[in-house]
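Beneath this line is the structure, given in structure tokens, with notes to follow.
Throughout, protein chains are lettered first and strands after them, A, B, ... in sequence-line order, and every chain is numbered starting at 1. What you see is a predicted model, and the numbers here were worked out from it, not measured in a lab.
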Amino acid sequence: MNIQQTVHQAIEKLYQQEITISQVQLQKTKKEFKGHLTLVVFPLLKMSKKNPEQTAREVGEYLLANHSVFADFNVIKGFLNLVIAPAYWVDVLNEIHSTVSYGLTPVQPDAPLVMIEYSSPNTNKPLHLGHIRNNLLGYSLAEIMEANGYRVVKTNIVNDRGIHICKSMLAWQKWGNGATPQSTGKKGDHLIGDYYVLFDQKYKEELKNLEAKGLKKEEAEAQSSLMAEAREMLRKWEAGDQETVSLWKTMNSWVYAGFDETYKRLGVNFDKIYYESETYLVGKEQVLEGLKKGIFYQKEDGSVWADLTADGLDNKLLLRADGTSVYMTQDIGTAKLRFNDYPINKMVYVVGNEQNYHFQVLSLLLDKLGFEFGKGLVHFSYGMVELPEGKMKSREGTVVDADDLIEEMVETAKETSKELGKLDGCSDEEAKQISETVGLGALKYFILKVDPRKNMTFNPQESIDFNGNTGPFIQYTHARIQSVLRKAAEQGLSVPDEIRNGLIITEKEEDLIQILATFNEVVKEAAEMYSPAIIANYIYDLVKEYNQFYHDYSILREENENLKIFRLMLSQNVGRVIKTGFSLLGIEVPDRM
RNA sequence: GGUCCGGUAGCUCAGCUGGAUAGAGCAACAGCCUUCUAAGCUGUGGGUCUUGAGUUCGAAUCUCAACCGGAUCACCA
């Protein structure tokens, strides 16, 4: 029985009344007061019919008399501060220590199946900072869901069709001179991105020339031969023209190779990838079926619409007059294919908050079409990443490229490590490995520690700082713990399976155990709130607490053998929680740095 | 204009299922490396939690309104 339950039952006995969970408000005692847990007694006043202080004293005395867990108490206003017996903390540490899975629930074969869609890139541009946030959040969420026992399928929907791809293809055809990733030494996604930009440049030039001839902007756009060619290419693609399709395939394969490299370096992966080129036609079928069933309606021009006014939304277009699909249609098709492939219980879309409306609509449409997961679909909506100067604008060249950023982080990690002498005595291979781990750790932690829903500011200079609330600070603490454990082993000391009681331990040590003991709840909360940030901030608190402990107390030089082993065990478990917690964030943790 | 989201130290962020004197990091200043890794630790300064009302024994937290910022309301994806 845990303390919460103990207190709950004790109060019921004391007042001979049933009480609700919300009436037992137990919280961590604030640092400035003596005690571990604090009971707020205001909700109990009606039962005790006494003033707050008297009530608190009464409950305190009762608990102290009847339960050995409590060693002492004090009352300040309506707050009952309970001091918990040292033996209890040692028991808790023993329990934590013996838990193999660390409070992570093993995946059950019959658990609900959660599909998580994330990343979802376009094939005409390399990944940028916004994608990094998406990828990290998506991957981390998948890890967290799995840690809570769900079956998880990670999926990616690649937007591989449409006019934007044709622009790149056209530019490459016209001005590429047969350039390939091999011939240029460029990553495929960057190569294609360059031609996308080139198209835009040439298109603008053309518009300018046309406007110089006295045409209005709209007229110029309508007369643009480049745009006409791109559209013609899209028509050919949709008609299955061999040459076009073959070029499309080749160029896409370059892009995918480039993406894979970035994904791999970021440490994210997928169980199943869908391509819009394969799903958009399915969506059309679904919509037509819905039309037949009377769920949707058709306008005179032949376009198909959904009437969502009853749900407080507008009418939404699903198929154009010419029968081609729109974005929404494709998402319906993708949902259909996915459901055919997996018995999905819950669908989570990791997509930016600029699409909140889209997913509101999608949820309603899928529900109307009979998808069970439709109504309960989760749009894991995250905020944008802004730069200190404002939003990223591709036109102004202020987009932060994912590969460049990663490289810069790793490079800085390397330099800083070198300056601090951390890499002395390392082989080149080890040095490279550590820089990679630390650089990526800094980047990932910087992004994951903030509440996903909020827009965040990404300051390149600050993100590269490795002091304070950063990934490397936490990684460093882990490395130091490992070092202590190694040295202990050299001394012939090892951590036993269980530690004997009767130790006198200090407040700081109790605090640490108390934090360690809440790891389970934190992991659960992170899943419920869809927020890796909760785990990140928890680990930071733990590490900060541990660092103070580490400086105030010696471990290996402790003379009392029992205490030495206790502190080793405590350290080891702090290390285990850091490692487990960070793995839920997709961050690696080094054994030395 | 309608809808949704946000506003906490100079900056970046925690805290938000109501609880005690609102916390970290960065930046500034002052200390600590013959001691298990100084990517660390300790201390000082820094706040009208945007504003106003309401609910309550108690509000950064809940309700309403206003102000500010962002997103969205496409036959773009």
Side-chain angles (χ1 to χ4, degrees), chain A residues 22 25 27 29-33 38 40-43 45 51-52 76-79 81 120 122 124 159 161-164 276 299 301 303-305 312-314 316-322 324-328 330-331 352-358 360-361 381 383-384 386 388 391 413 416-417 419-422 438 442 446 449-451 453-459 461-463 465-477 479-488 491 533-534 536-538 540-541 544 547-558 564 567-568 571 592-593:
Chain A
S22 63
Q25 287 189 35
Q27 50 197 259
T29 301
K30 296 230 168 195
K31 280 212 167 117
E32 52 270 34
F33 303 106
T38 296
V40 184
V41 298
F42 290 103
L45 297 185
N51 74 30
I76 293 167
K77 290 193 266 181
F79 300 91
N81 298 323
S120 314
N122 283 347
N124 62 327
N159 177 17
R161 63 169 286 277
I163 190 78
H164 53 284
E276 273 186 10
K299 281 194 180 170
D301 64 2
S303 56
V304 179
W305 297 72
L313 301 174
D314 290 330
K316 186 78 194 169
L317 176 85
L318 297 175
L319 283 177
R320 296 189 188 100
D322 63 4
T324 55
S325 21
V326 294
Y327 180 34
M328 190 61 74
Q330 296 173 18
D331 265 353
N353 63 10
E354 72 272 15
Q355 293 191 31
N356 286 353
Y357 180 72
H358 174 81
Q360 218 179 325
V361 173
S381 161
M384 344 188 53
E386 286 163 15
K391 286 185 202 168
T416 309
S417 304
E419 273 171 34
L420 292 172
K422 302 284 183 188
V438 172
F446 188 89
K449 77 174 174 189
V450 337
D451 184 341
R453 289 168 307 176
K454 289 189 180 173
N455 287 357
M456 63 175 290
T457 308
F458 182 86
N459 188 326
Q461 264 119 46
E462 271 177 37
S463 71
D465 193 348
F466 299 150
N467 299 317
N469 188 0
T470 64
F473 167 52
I474 294 165
Q475 289 172 320
Y476 168 68
T477 303
R480 219 164 37 175
I481 289 172
Q482 300 316 308
S483 167
V484 170
L485 291 170
R486 276 194 301 272
K487 294 211 161 129
Q491 288 181 24
I534 291 173
N537 286 303
Y538 161 83
Y540 177 64
D541 285 346
K544 190 135 176 54
N547 265 297
Q548 291 166 12
F549 160 83
Y550 186 89
H551 278 266
D552 292 352
Y553 302 88
S554 50
I555 300 170
L556 295 175
R557 288 185 309 278
E558 172 57 49
K564 192 191 276 188
R567 287 181 180 164
L568 273 179
S571 300
R592 63 188 80 215
M593 65 186 275

### Message
Taking 4.0 Å as the cut-off, does a side-chain nitrogen or oxygen of Asn467(A) come that near to OP1 or OP2 on G40(B)?
### Response
yes
### Message
Under 4.0 Å, heavy atoms only, any strand: does Ala488(A) hit a base, just the sugar-phosphate, or nothing?
### Response
nothing
### Message
Can you measure Gln27(A) atom CD to C16(B) atom P for me and round it to whole angstrom units?
### Response
11 Å
### P gap between C26(B) and U42(B), integer Å
11 Å
## Note on the structure
When rounded to whole Å, the NE2 to P distance for the pair His164(A) and A77(B) reads 9 Å
### Face-to-face contact Phe79(A) to A20(B) six-ring, under 5.5 Å, under 30°
yes
#### Entry: Aro-ring/base stack Tyr327(A)-C76(B), d under 5.5 Å, angle under 30°
no
### Message
For Arg592(A), I'd like to know if atom CZ has over 12 heavy atoms of other residues, nucleotides or ligands within 6.0 Å.
### Response
no
### Query
Which one, U37(B), G25(B), A39(B), comes nearest to the side chain of Pro472(A)?
A39(B)
### Query
When rounded to the nearest Å, what value does the distance between P atoms of C62(B) and C16(B) take?
10 Å
### Query
For atom C1', what is the distance between G47(B) and A14(B), given to the nearest Å?
15 Å
### Task
Output the single nucleotide from C4(B), C36(B), A77(B) whose closest atom is nearest the side chain of Arg557(A).
C36(B)
### Query
Quick one: Glu354(A) CD to A74(B) C1', roughly how many Å, whole number?
15 Å
### Query
Ile534(A) has an atom CD1; how far is it from atom C1' of U17(B), in whole Å?
12 Å
### Task
Have a look at Gln360(A) and say if it touches a base, only the backbone sugar-phosphate, or nothing, with a 4.0 Å heavy-atom cut-off.
nothing
### Query
Nearest to the side chain of Ser483(A), which nucleotide is it out of U37(B), A20(B), A77(B)?
U37(B)
### Query
Base, sugar-phosphate, or nothing for Asp314(A), non-hydrogen atoms under 4.0 angstrom?
sugar-phosphate
#### Entry: U8(B) to G69(B) separation - P atoms, rounded to the nearest Å
14 Å
### Message
Strictly by Watson-Crick or wobble contacts shorter than 3.5 Å, is anything paired with U37(B), and which nucleotide is it?
### Response
none
### Message
Give me the distance, rounded to whole Å, that separates U50(B) from G31(B) when you measure between the P atoms they each carry.
### Response
37 Å
### Query
Could a donor-acceptor pair under 3.5 angstrom be found where the side chain of Asp301(A) meets the base of C75(B)?
yes
### Task
Respond yes when some side-chain nitrogen or oxygen of Arg320(A) is under 4.0 Å from OP1 or OP2 of C76(B), and no when none is.
yes
### Query
Under 4.0 angstrom, heavy atoms only, what part of the nucleic acid is Ser417(A) near: base, sugar-phosphate, or nothing?
base
### Query
If you look at every strand shown and take non-hydrogen atoms under 4.0 Å, does Gln25(A) touch a base, only sugar-phosphate, or nothing?
base
### Query
Looking across every strand, which nucleic acid part, if any, lies under 4.0 Å from Tyr553(A) by heavy atom: base, sugar-phosphate, or nothing?
base
### Message
It should be established whether Lys77(A) places a side-chain nitrogen or oxygen under 4.0 Å from OP1 or OP2 of nucleotide C57(B).
### Response
no
### Pair of N/O donor and acceptor under 3.5 Å linking U21(B) base with Lys30(A) side chain
no
### Task
Indicate, with a heavy-atom threshold strictly under 4.0 Å, whether Thr457(A) touches base, sugar-phosphate, or nothing.
sugar-phosphate
### Task
Return yes if the base of A39(B) and the side-chain atoms of Thr477(A) contain a donor-acceptor N/O pair under 3.5 Å, otherwise no.
no
### Summary
Per atom distances to the Arg480(A) side chain, the nearest of U37(B), G19(B), C76(B) is U37(B)
### Query
Does C4(B) have a Watson-Crick or wobble partner in any strand here, with both distances under 3.5 angstrom, and which is it?
G70(B)
### Message
Using the P atom as the point on both nucleotides, what is the distance between G15(B) and U3(B), in whole Å?
### Response
28 Å
### Query
Is the Phe33(A) to Phe79(A) ring centre distance short of 6.0 Å?
no
#### Entry: Closest contact, heavy atoms only, Lys449(A) versus Ala536(A)
CA-CB, 3.8 Å
#### Entry: Interatomic distance, Leu485(A) CG vs U37(B) P [rounded to whole Å]
11 Å
### Summary
Among the nucleotides A14(B), C36(B), C57(B), whichever has the atom closest to the side chain of Val450(A) is A14(B)
### Query
Taking only side-chain nitrogens and oxygens of Lys544(A), does any of them come within less than 4.0 Å of OP1 or OP2 of G25(B)?
yes
### Task
Check whether any side-chain N or O of Ser554(A) sits under 4.0 Å from OP1 or OP2 of C36(B), and answer yes or no.
no
### Message
Check the orientation of Tyr540(A) and Phe473(A). Use parallel for under 30°, tilted for 30 to 60°, and perpendicular for over 60°.
### Response
perpendicular
### Query
Syn or anti for C4(B), taking syn as within 90° of 0?
anti
### Short side-chain N/O contact from Lys454(A) to OP1 or OP2 of G7(B), under 4.0 Å
yes
### Task
State whether the aromatic ring of Phe473(A) stacks on the base of A39(B), taking stacking to mean ring centres under 5.5 Å apart and ring planes under 30° to each other.
no
### Task
Give one of base, sugar-phosphate or nothing for Asp451(A), where a contact means two heavy atoms less than 4.0 Å apart.
sugar-phosphate
### Message
Check for me: is Phe33(A) stacked on A20(B) by the 5.5 Å centroid and 30° plane-angle rule?
### Response
yes
### Task
Look at the side-chain N and O atoms of Tyr357(A) and state whether any lies under 4.0 Å from the OP1 or OP2 oxygen of U72(B).
no
### Query
Rounded to whole angstroms, how far apart are CD on Gln475(A) and P on U37(B)?
18 Å
### Query
So what does Tyr550(A) touch, heavy atoms closer than 4.0 Å: a base, only the sugar-phosphate, or nothing?
base
### Task
Would you mind classifying the nucleic acid contact of Met456(A) as base, sugar-phosphate or nothing, using non-hydrogen atoms under 4.0 angstrom?
sugar-phosphate
#### Entry: Separation of atom CZ in Arg453(A) from atom C1' in G70(B), rounded to whole Å
15 Å
### Message
Is it the case that A39(B) (base atoms only) and Thr470(A) (side chain only) share a donor and an acceptor within less than 3.5 Å, ignoring hydrogens and angles?
### Response
no
### Query
What are the two closest non-hydrogen atoms of Ser571(A) and Ile481(A), and how far apart are they?
O-CG2, 3.3 Å
### Message
Taking the minimum atom-to-atom distance to the side chain of Thr416(A), which one of G40(B), A39(B), C75(B) wins?
### Response
A39(B)
### Proximity to the side chain of Leu420(A) - top-ranked nucleotide from A39(B), U37(B), A77(B)
A39(B)
### Message
Please determine whether salt bridge (charged side-chain N to carboxylate O under 4.0 Å, His left out) holds for the pair Arg320(A) and Asp322(A), giving the CA-CA distance in whole Å, both sets of side-chain angles, and the decisive distance to 0.1 Å.
### Response
CA-CA 5 Å; Arg320(A) 296 189 188 100; Asp322(A) 63 4; 5.1 Å; no
### Message
Using a 4.0 Å heavy-atom cut-off, does Asn81(A) contact any base of the nucleic acid, only the sugar-phosphate backbone, or nothing at all?
### Response
base
### Message
Which heavy atom of Phe466(A) sits nearest to which heavy atom of Ala413(A), and what is that distance?
### Response
CE1-CA, 3.4 Å
### Spacing of the P atoms in G58(B) and A53(B) (rounded, Å)
16 Å
### Message
Let's see if you can work this out: which of A38(B), C36(B), C57(B) has an atom nearest to the side-chain heavy atoms of Phe42(A)?
### Response
C57(B)
### Task
Take atom P in G23(B) and the same atom in C4(B), then report the distance between them in whole Å.
34 Å
### Query
Between Gln355(A) (CD) and U72(B) (P), how many Å, whole number?
9 Å
### Query
What does Val326(A) touch in the nucleic acid at a heavy-atom separation under 4.0 angstrom: a base, only the sugar-phosphate, or nothing?
sugar-phosphate
